[in-house]
Amino acid sequence: MSAEVEEMLKRFQSMKNIVGIVVIDNDGIAIKTTLDYNLTLHYAALMQTLKEKARQVVLDLDATNEFTFLRLRTLLHEVMLCPQEDYFIMVLQSPSD
């Protein structure tokens, strides 16, 4: 997983408007991050909850389906969640106008 995660981080960091990337395990603990410590803890806890709720909503709507990606846009940022089997990736981006 480590080489795969490192490659993903490099690819995301080269993209325009990326503010930060956090790789979070299924327990909500940040494995890799490009954000500062406090912001990482804050986002990891919130995104763990959001990921679980989104997964449950998808299952409630259609039990044969699964949660694969979430994109959420606010006034300040755009948050993208991509769950994998052992971890999930959160990408924080400044929305472009």
Side-chain angles (χ1 to χ4, degrees):
M1 176 179 85
S2 183
E4 178 185 335
V5 171
E6 290 297 330
E7 181 62 33
M8 231 177 321
L9 284 174
K10 286 179 189 175
R11 190 171 24 142
F12 281 130
Q13 285 175 326
S14 67
M15 297 173 116
K16 184 180 175 183
N17 299 332
I18 298 294
V19 175
I21 305 159
V22 183
V23 179
I24 306 163
D25 71 8
N26 288 329
D27 295 325
I29 299 169
I31 301 169
K32 298 263 186 194
T33 185
T34 61
L35 298 173
D36 68 48
Y37 179 75
N38 288 330
L39 204 51
T40 297
L41 290 180
H42 184 73
Y43 273 107
L46 292 174
M47 293 304 122
Q48 172 68 20
T49 304
L50 182 59
K51 179 193 74 123
E52 290 303 319
K53 291 198 183 280
R55 187 184 68 74
Q56 192 58 51
V57 165
V58 170
L59 287 175
D60 288 348
L61 291 173
D62 182 2
T64 63
N65 214 339
E66 63 183 64
F67 169 56
T68 58
F69 193 81
L70 174 71
R71 189 175 200 151
L72 175 71
R73 185 170 178 164
T74 68
L75 290 175
L76 297 177
H77 294 106
E78 191 168 40
V79 178
M80 293 166 279
L81 292 179
C82 182
Q84 301 295 319
E85 189 171 324
D86 298 329
Y87 57 93
F88 66 98
I89 302 153
M90 184 213 72
V91 178
L92 187 62
Q93 179 177 335
S94 292
S96 58
D97 296 325

Count I, L, V, M, F, W, Y as connected when their side-chain heavy atoms are under 4.5 Å apart, and connections chain through other members. Are I89 and L92 then in the same cluster? no
Measure the shortest side-chain to side-chain distance between V79 and M47 over non-hydrogen atoms and say whether it is less than 4.5 angstrom. yes
For K32, which residues count as a salt bridge (charged side-chain N to carboxylate O under 4.0 Å, His left out) partner, sequence neighbours excluded? E6
Test your reading of the model: is there a side-chain donor-acceptor pair from N26 to the backbone of E85, 3.5 Å cut-off? yes
Main-chain N/O of I29 paired to D27 side chain as donor or acceptor, under 3.5 Å: no
So which heavy atom on I21 is nearest to which on T34, and how close? N-OG1, 2.8 Å
Rounding to 0.5 Å, atoms SG (C82) and CZ (R71) come to a distance of 12.0 Å
Just how far is it from atom CD of E78 to atom OG of S94, taken to the nearest 0.5 Å? 9.5 Å
Consider only side-chain heavy atoms of I, L, V, M, F, W and Y, link residues closer than 4.5 Å, and tell whether L39 and V22 are in one cluster. yes
Minimum heavy-atom distance L35-G20, with the two atoms named: CD2-CA, 3.6 Å
Path from I18 to I31 over hydrophobic side-chain contacts below 4.5 Å: yes
Determine whether L50 and M90 make a side-chain contact, defined as any pair of heavy atoms from C-beta on separated by less than 4.5 Å. no
Mind checking whether V91 and L46 sit in one hydrophobic cluster, side chains of I, L, V, M, F, W, Y counted as touching below 4.5 Å? no
If every non-hydrogen atom of A44 is compared with every non-hydrogen atom of G28, which pair is closest and at what distance? CB-O, 3.7 Å
Grab the two heavy atoms, one from P95 and one from R73, that are nearest each other, plus how far apart they are. CB-NH2, 3.1 Å
Identify all side-chain donor-acceptor contacts of residues 61-69 below 3.5 Å with residues at least two apart in sequence or on another chain.
residue: D62; atom: OD1; partner: T64; partner atom: N; Å: 3.1
residue: D62; atom: OD1; partner: T64; partner atom: OG1; Å: 2.7
residue: D62; atom: OD2; partner: T64; partner atom: OG1; Å: 3.3

Can you hop from V19 to L81 via hydrophobic side chains spaced under 4.5 Å? yes
